[in-house]
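Atom set for the values below is all heavy atoms of this structure, side chains included, hydrogens, waters and symmetry mates excluded. Just so it is clear: chains get the letters A, B, ... in the order the sequence lines come, proteins before strands, and each one is counted from 1.
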Amino acid sequence: MDFKDSPEEAAFRAEVREFLKQELADDVRQPDESVLGVGTGEDPKDMEWLKKLATRGWVAPAWPKEYGGAGLPVTLQFVYNEEMARARAPRPNFLAIGLIGPAIMVHGSEEQKQEHLSGILSGDTYWAQGFSEPGSGSDLASLQTRAVEDGDDFVINGQKIWTSGAHRSDRMLVLARTDPDAPRHKGISCFVLDMHAPGVSVQPLTNMADLHSFNEVFFDNVRVPKKNLIGELNRGWYTALTTLAFERSSIVNAISLQQLLGEVVEATRPYRKGGASALVRHELADRAIETHVAVMLSYRVASLQAKGLIPIQEASITKLYASELGQRIARTAMSLAGLYGQLGPDSPYAPLLGRIERMYRIQVGATLAGGTSEIQRSIIAQRGLGLPRG
Amino acid sequence: MDFKDSPEEAAFRAEVREFLKQELADDVRQPDESVLGVGTGEDPKDMEWLKKLATRGWVAPAWPKEYGGAGLPVTLQFVYNEEMARARAPRPNFLAIGLIGPAIMVHGSEEQKQEHLSGILSGDTYWAQGFSEPGSGSDLASLQTRAVEDGDDFVINGQKIWTSGAHRSDRMLVLARTDPDAPRHKGISCFVLDMHAPGVSVQPLTNMADLHSFNEVFFDNVRVPKKNLIGELNRGWYTALTTLAFERSSIVNAISLQQLLGEVVEATRPYRKGGASALVRHELADRAIETHVAVMLSYRVASLQAKGLIPIQEASITKLYASELGQRIARTAMSLAGLYGQLGPDSPYAPLLGRIERMYRIQVGATLAGGTSEIQRSIIAQRGLGLPRG
Amino acid sequence: MHWKEAATNRETVRNCRSAPERSTGVVPAAGVINGPAKGKESNMDLGLSEEQELLKNFARDFLEKECPEQHVRDMEEDEQGYSQDLWKKMAEQGWQGLIVPEDQGGSGMGYIDFVILMEEFGRALVPGPFIPTAVGGAIALIEGGSDEQKKQYLPKIASGEQIWTLAHTEPSARFDAEGIELEAKAEGDGFVLNGTKLFIRDAHVTDYMTVVARTKKGKNAEAGITLFIVDSKSDGISFTQLKTIASDRQCEVKFENVKVPKANVIGKVDKGWGIYERIARKATVIECAYLVGLAQKDFEISVQYAKDRIQFGRPIGSFQAIQHKTADMVTDVDGARFIMYKAAWSVAEDTEDADMDVHMAKAWCSEATRRVVAHGQQIHGGIGFTKEYIIQLFFRRQKAGELAWGDGDYHRELVADALKV
Amino acid sequence: MHWKEAATNRETVRNCRSAPERSTGVVPAAGVINGPAKGKESNMDLGLSEEQELLKNFARDFLEKECPEQHVRDMEEDEQGYSQDLWKKMAEQGWQGLIVPEDQGGSGMGYIDFVILMEEFGRALVPGPFIPTAVGGAIALIEGGSDEQKKQYLPKIASGEQIWTLAHTEPSARFDAEGIELEAKAEGDGFVLNGTKLFIRDAHVTDYMTVVARTKKGKNAEAGITLFIVDSKSDGISFTQLKTIASDRQCEVKFENVKVPKANVIGKVDKGWGIYERIARKATVIECAYLVGLAQKDFEISVQYAKDRIQFGRPIGSFQAIQHKTADMVTDVDGARFIMYKAAWSVAEDTEDADMDVHMAKAWCSEATRRVVAHGQQIHGGIGFTKEYIIQLFFRRQKAGELAWGDGDYHRELVADALKV
């Protein structure tokens with residue numbers, strides 16, 4: 001048991017910090033009220049930032065060097081992620097770097113790796129992930145989008161939803177049903193789809209925080225060359241599992257929460273109600289303690305990974321805890337701000353210029369995205385604790 | 001909408017109060033830390049109290065006059081229950097008066113009514129309810145106790161558990177399976193069983209608050225005459241439902257909670273931590289508000305009953321809410337008493353002479369007895385809101 | 001057609017059952033154990049009278065037609081934040097004058113009746129200055145206005161000609177007397193007002209405001225408060241709309257040397273706080289009622305969604321996790337309704353418990369309804385997180401209601417005071 | 001057989017997985033994305049060392065055998081509250097001397113090792129004066145004792161010859177310096193003690209007590225506290241056992257003109273508070289560890305019961321309501337374990353954050369473990385409510401641990417202080 005950096009980790013941490021201090025301009029930093037927040041990639045500043053990271057080989061710190069990554073061991077990745085989160089550095093093309101690229105490395109052919117990975121590293125190709133459908137949310141395996149063989153291609157028809165960043169993506173990792181007669185998990189395949197291909201249309205969705213972060217994507221006879229099949233035919237469900245597992249393990253959430261709470265403590269100072277000081281003190285103390293727990297749970301995930309173990313229920317626990325904590329922090333912030341809490345972005349009277357109000361809305365999504373809290377609890381109970389399915 | 005007594009109700013309330021003031025000695029009052037608490041009937045004082053109630057015809061205020069009850073309309077029953085609870089008057093033979101007697105009135109023959117009801121009113125026969133079994137708790141319909149026809153009798157074999165007061169009962173309303181081949185709800189019958197009959201043995205169970213309130217009851221070839229079958233053969237499940245419905249609708253709980261909270265507020269005054277006054281104030285205020293809600297939910301049940309409606313989900317809501325609130329009150333009391341909270345009954349240092357500690361243990365049972373909170377929530381969702389069974 | 005004449009096509013259910021759709025059938029009495037008191041209505045009655053049921057059902061039908069989701073959305077974008085058309089239709093029903101005495105042009109109905117109507121307003125998320133007009137206009141004048149003032153203003157409020165609001169809170173965001181700093185200085189035949197009011201609902205569309213101002217400073221903050229009827233078009237008044245989570249219309253209202261004639265004082269100079277408190281407690285219960293209606297509808301939509309949405313080959317409402325959430329929702333909604341009813345009744349009857357009941361009701365409704373809308377979002381999953389779907393409208397408005405007239409912490413503190421803990 | 005020589009038959013799992021039975025198999029690394037740092041152990045490590053795993057596994061096996069449920073129940077009824085036989089067997093393992101330096105007859109292991117052992121004690125609900133002896137004896141002397149005192153007492157503590165406790169709390173039930181009122185007056189060659197200590201664990205069976213007393217009154221409560229080694233058999237000392245929810249042995253200890261020689265002062269006169277604080281923070285984390293072990297076992301029993309208990313034709317653990325409770329339980333247990341580990345580490349390393357980490361750990365463990373045991377009871381239903389069944393032993397003892405060394409509110413207040421909110 002050890003909670004301090006090794007000399008190597010400390011040196012690397014100092015290096016990352018120095019780099020961030022030198023290179024990360026204040027106007028590039030991300031707002032932190034959203035723990036859903038990943039860089040949008042639309043902002044040219046985000047692109048410049050990607051180039052800066054590239055100079056150090058830090059676009060994809062987790063990737064092996066042979067694929068152009070930094071080849072960092074898990075512990076240094078953790079340090080990197082922690083420092084990036086602390087500095088609120090944007091993480092553009094996060095899906096491609098964190099989830100899709102690794103899935104291609106695990107399941108893709110040599111040609112596919114050659115074709116797709118370098119574009120991710122350079123920032124030339126932006127990616128979306130086409131998994132969920134209107135009828136297939138928690139129950140992803142019920143997806144209905146069809147891919148039918150036709151000569152050298154598959155022809156894809158159907159609809160995806162909740163696809164973050166689809167409106168600006170060049171490629172999508174898409175799940176489609178290739179054998180409708182097989183058991184539900186065994187007739188799904190995974191493809192790389194060109195978002196500029198004929199038949200692809202993207203419909204923006206505005207979320208309840210007035211942000212456009214999701215889209216609906218429609219496929220009308222979209223042709224995907226067979227070489228774009230990732231992994232084996234009808235085994236796409238297992239490819240998808242690889243990327244989903246990544247979604248639930250991150251220190252970034254915990255650090256964001258820590259930072260957010262720090263800001264809330266400061267920004268709401270003027271709005272605290274004098275008469276209820278012990279209440280406010282204890283409510284903030286509770287959030288601080290819970291944030292500390294969230295950090296510890298993230299450390300645990302990293303600690304397992306560093307031992308070469310794959311956290312499953314542990315990642316679910318961490319995600320579940322952090323997402324529900326995010327909502328509690330938002331509620332606390334709202335409560336401390338009193339009537340001012342309800343004021344929206346850019347209102348001159350609003351604390352944190354409306355970020356509390358925005359956060360309060362955005363956090364609604366935290367317990368839904370990447371698997372609802374209900375799904376997480378069931379994963380923990382069934383996969384982690386071995387309780388039987390209902 | 002009206003929350004005040006009608007002149008008739010006010011007059012009756014005054015009458016009950018005056019009676020209680022005159023007749024209820026302090027040493028007969030029940031401790032109120034237990035909302036599970038019903039009179040034990042073992043205490044000779046409880047028996048004397050029953051006789052006193054009998055002088056006014058108030059042993060069974062809800063029963064029709066033809067059966068020896070007071071024939072009170074629902075609204076006056078409510079007033080009666082409210083005042084009895086406020087005075088912490090014991091309710092000996094509560095199961096017989098509140099649940100079993102009414103079930104016999106609804107489902108029993110004229111002879112059965114003649115035979116059984118008067119003994120309840122006079123206090124000569126004490127009753128237990130033999131429903132739950134070791135393997136059949138929440139899933140009552142899976143019960144395994146068998147009753148087999150043999151000449152003029154049924155012969156009963158099996159085991160019951162959680163039978164309150166079985167050790168001092170003369171009779172038991174017992175559920176037993178009479179047709180093992182029928183669907184589970186349709187092969188159960190309901191009998192009156194003589195607890196003094198050969199083959200009945202009672203094993204006391206001590207609960208985690210060190211009280212003997214439950215028993216295990218074993219039946220070894222116990223003969224029950226056929227005339228003791230209540231209702232139709234194999235329709236006993238529906239007889240049972242009648243009595244279960246009664247269990248969930250009571251103002252008594254809410255009033256007990258109100259009283260208990262009042263005592264907690266007073267008794268913990270010396271133990272309150274000076275530094276956290278706003279916390280303590282708000283915690284007590286919360287419990288007071290919640291208790292007020294519990295009272296309102298009970299009023300609602302009474303209000304429906306007064307209109308001739310049967311509360312089902314409304315009774316479950318009331319039971320669920322009051323039982324979970326009881327646990328919160330116990331926790332609050334514990335929290336206010338600090339280190340002193342852990343001291344058990346009769347310790348000279350203990351607040352309320354250990355009743356806080358006792359209450360903290362007893363309240364564990366509140367969300368289990370009479371249907372667990374999980375069962376209540378499922379009843380509310382399925383029977384009340386029409387959600388489909390899982 | 002006026003609601004009193006309306007033959008509603010809804011089944012009249014004079015009860016207080018707990019259900020997602022309240023017009024479900026009546027369960028017959030068992031009949032053996034004593035049923036309802038024969039021939040008499042008990043006073044322990046949490047249900048509505050026939051007339052109240054009629055009002056409620058008519059209002060529900062009316063608002064479903066006149067204030068559908070699209071109207072609520074349109075008003076979010078509308079500069080005024082309300083529709084004059086709907087305003088007039090409500091006036092035709094006599095709603096603006098519901099609690100105005102008949103001799104002042106109103107219907108002369110009771111406060112409880114109004115609260116029942118407000119529950120339906122919450123259900124339909126009715127936007128606009130209806131409640132501000134009732135609180136800052138009708139209730140303020142009924143509680144404290146002179147006969148002259150009543151005669152002058154109430155008929156025009158009842159007819160829908162005038163829009164009012166109550167201008168009470170300031171940048172201090174407090175609800176107690178110490179929060180009132182806007183200065184009213186006696187000068188000549190009247191007063192001159194200087195200061196800022198903040199979070200004032202719909203002030204920008206009002207004809208008049210009831211302004212809570214300070215006419216005297218001193219140790220006792222309650223002494224020295226005066227209520228003024230202020231013409232919203234007076235020189236020196238400026239309005240700035242705030243952007244809020246509920247997309248309602250709350251304003252900053254600045255007063256710079258605003259002249260108000262002496263005749264416009266409600267009650268007596270320096271003695272306004274008592275009147276304000278009576279207005280505030282009525283307004284607080286109205287806010288609770290709006291929250292109850294809002295939460296009830298959020299709950300109903302969520303239960304329906306749980307029945308309709310299929311995942312893993314079955315309605316999600318068949319999963320225990322969802323079922324138990326809905327059970328908690330109905331418990332919260334029912335609890336909120338009855339604690340609110342009790343407060344409304346106590347205020348209407350002016351009982352000893354009235355203040356306590358109001359504080360308990362607002363503390364509880366503020367938080368119970370927040371739990372309800374949070375569950376509503378979670379049950380809906382992704383679809384509920386979209387702007388396009390209806391449920392988020394309830395989530396956002398709940399917060400405004402939670403904060404208005406003091407949140408849970410504020411009222412809990414007052415409950416603790418009353419408990420003398 | 002000493003634990004260091006024991007070849008445990010448990011698979012050694014050097015990780016920190018979350019599972020009801022922690023010796024489940026190891027999942028192999030994916031291998032493509034960079035796995036563990038080759039050849040080096042990272043310092044970001046929440047797992048145990050090999051030696052710690054050995055200690056933990058041995059302790060588990062030992063306590064399952066030597067301190068089974070029946071032993072715990074027997075000690076509830078036992079006048080002394082502990083078994084001399086078990087005490088001796090633990091001494092043979094060197095546990096009383098685990099943190100005593102080797103030159104004083106101990107094993108010279110670290111504080112973290114001791115905390116890991118305490119987690120196992122919690123799991124087995126070990127009753128008796130082991131922890132009081134460690135806190136009031138070994139830790140007190142290591143933190144503040146003179147070389148003389150260490151030489152005199154530590155070897156006998158390590159060997160199991162002496163039983164100690166810390167006598168700190170009084171009828172004021174406070175954990176701060178203001179709570180210390182027991183008077184120690186200088187007189188001749190020593191001090192005379194008068195006053196009452198309350199909630200003192202196992203005092204009735206001790207040989208010595210470390211008594212926290214007041215030698216000087218003044219504005220600054222912390223100045224004027226002195227720690228004394230007091231022979232429990234001294235004239236003027238009387239013990240009364242209290243009846244507690246945990247059925248542990250807490251005592252009232254009365255001091256009437258008890259004479260203590262000057263040589264028995266730990267540290268310096270009037271300067272004892274700093275030493276006390278260092279003892280207290282170690283004791284607090286030990287209490288957390290006990291709670292973590294207790295909650296882990298409660299959780300494991302409950303999960304097993306959920307798998308075994310059949311209702312409605314299926315294990316109750318297949319119902320979502322039960323599944324989700326177990327998910328919340330493991331989250332709470334894991335959170336408690338790691339926040340406790342962090343505090344233990346910070347105390348062992350004496351980092352800047354140590355006090356804060358301890359307050360956070362105790363605030364959280366106090367309440368998280370309470371949630372766990374409450375869920376444990378609810379999962380068990382009626383059977384869990386009986387005295388005969390094991391689970392209630394955990395429920396009752398959790399409360400003692402929650403209260404000891406300050407409950408959630410107490411430590412949260414200190415966290416708030418440190419946050420400067």
**Student:** State the CG-CG distance between L320(B) and D328(C), to the nearest 0.5 angstrom.
**Tutor:**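 Separation between the atoms: 6.5 Å.
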**Student:** Less than 4.5 Å apart, side chain to side chain, heavy atoms only: is that true for V293(B) and F338(C)?
**Tutor:**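 Not in contact.
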**Student:** Which bit of I339(C) is near chain B, if near means a heavy-atom gap under 4.5 Å: side chain, backbone, both or neither?
**Tutor:**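 Contact with chain B is through both the backbone and side chain of I339(C).
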**Student:** Would you name the heavy atoms of V303(C) and L385(B) that are closest together and state the gap between them?
**Tutor:**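 Nearest pair, atom of V303(C) first, then L385(B): CG1-O, 4.0 Å.
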**Student:** Could you report the tightest heavy-atom contact between V415(C) and A285(B), atom names first, then the distance?
**Tutor:**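 That would be CG1-CB, 3.8 Å.
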**Student:** To the nearest 0.5 Å, how far apart are CG in D353(C) and CZ in F3(B)?
**Tutor:**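 Reported to 0.5 Å precision, the distance equals 11.5 Å.
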**Student:** Side chain, backbone, both or neither: which part of R412(C) has an atom under 4.5 Å from a heavy atom of chain B?
**Tutor:**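 The answer is both parts of R412(C).
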**Student:** Check the surroundings of atom CD in E66(B): do more than 12 heavy atoms from other residues, nucleotides or ligands lie under 6.0 Å from it?
**Tutor:**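 Yes, because the 6.0 Å sphere around CD of E66(B) holds more than 12 heavy atoms from other groups.
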**Student:** Counting only non-hydrogen atoms closer than 4.5 Å, does L414(C) touch chain B with its backbone (N, CA, C, O), its side chain (CB onward), both, or neither?
**Tutor:**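 L414(C) has no heavy atom closer than 4.5 Å to chain B.
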**Student:** Could you walk me through whether M296(B) and Y341(C) pass the side chain to side chain contact (heavy atoms under 4.5 Å, CB included) check?
**Tutor:** CA-CA 9 Å; M296(B) 289 303 125; Y341(C) 277 2; over 6 Å; no
**Student:** At their closest point, which heavy atom of L387(B) faces which heavy atom of G317(C), and how far apart are they?
**Tutor:**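 So the two residues come closest at CB-O, 3.5 Å.
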**Student:** Might you point out which heavy atoms bring G47(C) and S303(B) nearest each other, and give the distance in Å?
**Tutor:**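 Shortest heavy-atom separation between G47(C) and S303(B) comes out as N-OG, 4.0 Å.
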**Student:** How close do G386(B) and K307(C) get, counting heavy atoms only, and between which atoms?
**Tutor:**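 Taking G386(B) first and K307(C) second, the nearest heavy atoms are O-CE, 3.4 Å.
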**Student:** For the pair Q323(C) (side chain) and I379(B) (backbone), establish whether a donor and an acceptor sit closer than 3.5 Å, ignoring hydrogens and angles.
**Tutor:**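 Here the side-chain-to-backbone pair does not exist.
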**Student:** Show your reasoning for whether side chain to side chain contact (heavy atoms under 4.5 Å, CB included) applies to K342(C) and H292(B).
**Tutor:** CA-CA 10 Å; K342(C) 175 61 161 49; H292(B) 185 58; 3.9 Å; yes
**Student:** Pair V265(B), L419(C) - check side chain to side chain contact (heavy atoms under 4.5 Å, CB included), show working.
**Tutor:** CA-CA 9 Å; V265(B) 167; L419(C) 287 175; 5.7 Å; no
**Student:** For the pair D417(C) and R281(B), evaluate side chain to side chain contact (heavy atoms under 4.5 Å, CB included) and give the outcome as yes or no after the intermediate values.
**Tutor:** CA-CA 8 Å; D417(C) 275 349; R281(B) 288 166 61 78; 2.5 Å; yes
**Student:** Sort out for me which of E367(C), H324(C), M360(C) touches chain B most, counting heavy-atom pairs under 4.5 Å.
**Tutor:**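 Ranked by heavy-atom pairs under 4.5 Å with chain B, first place is H324(C).
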**Student:** First locate atom OG1 of T318(B), then atom CG of D334(C), and finally report the distance between them rounded to the nearest 0.5 Å.
**Tutor:**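 One finds 8.5 Å between OG1 of T318(B) and CG of D334(C).
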**Student:** So what's closer than 4.5 Å to chain C heavy atoms on E374(B): side chain, backbone, both or neither?
**Tutor:**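 Interface part for E374(B): both.
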**Student:** Report which part of I289(B) has an atom under 4.5 Å of a heavy atom belonging to chain C: side chain, backbone, both, or neither.
**Tutor:**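 Looking at I289(B), backbone and side chain both touch chain C.
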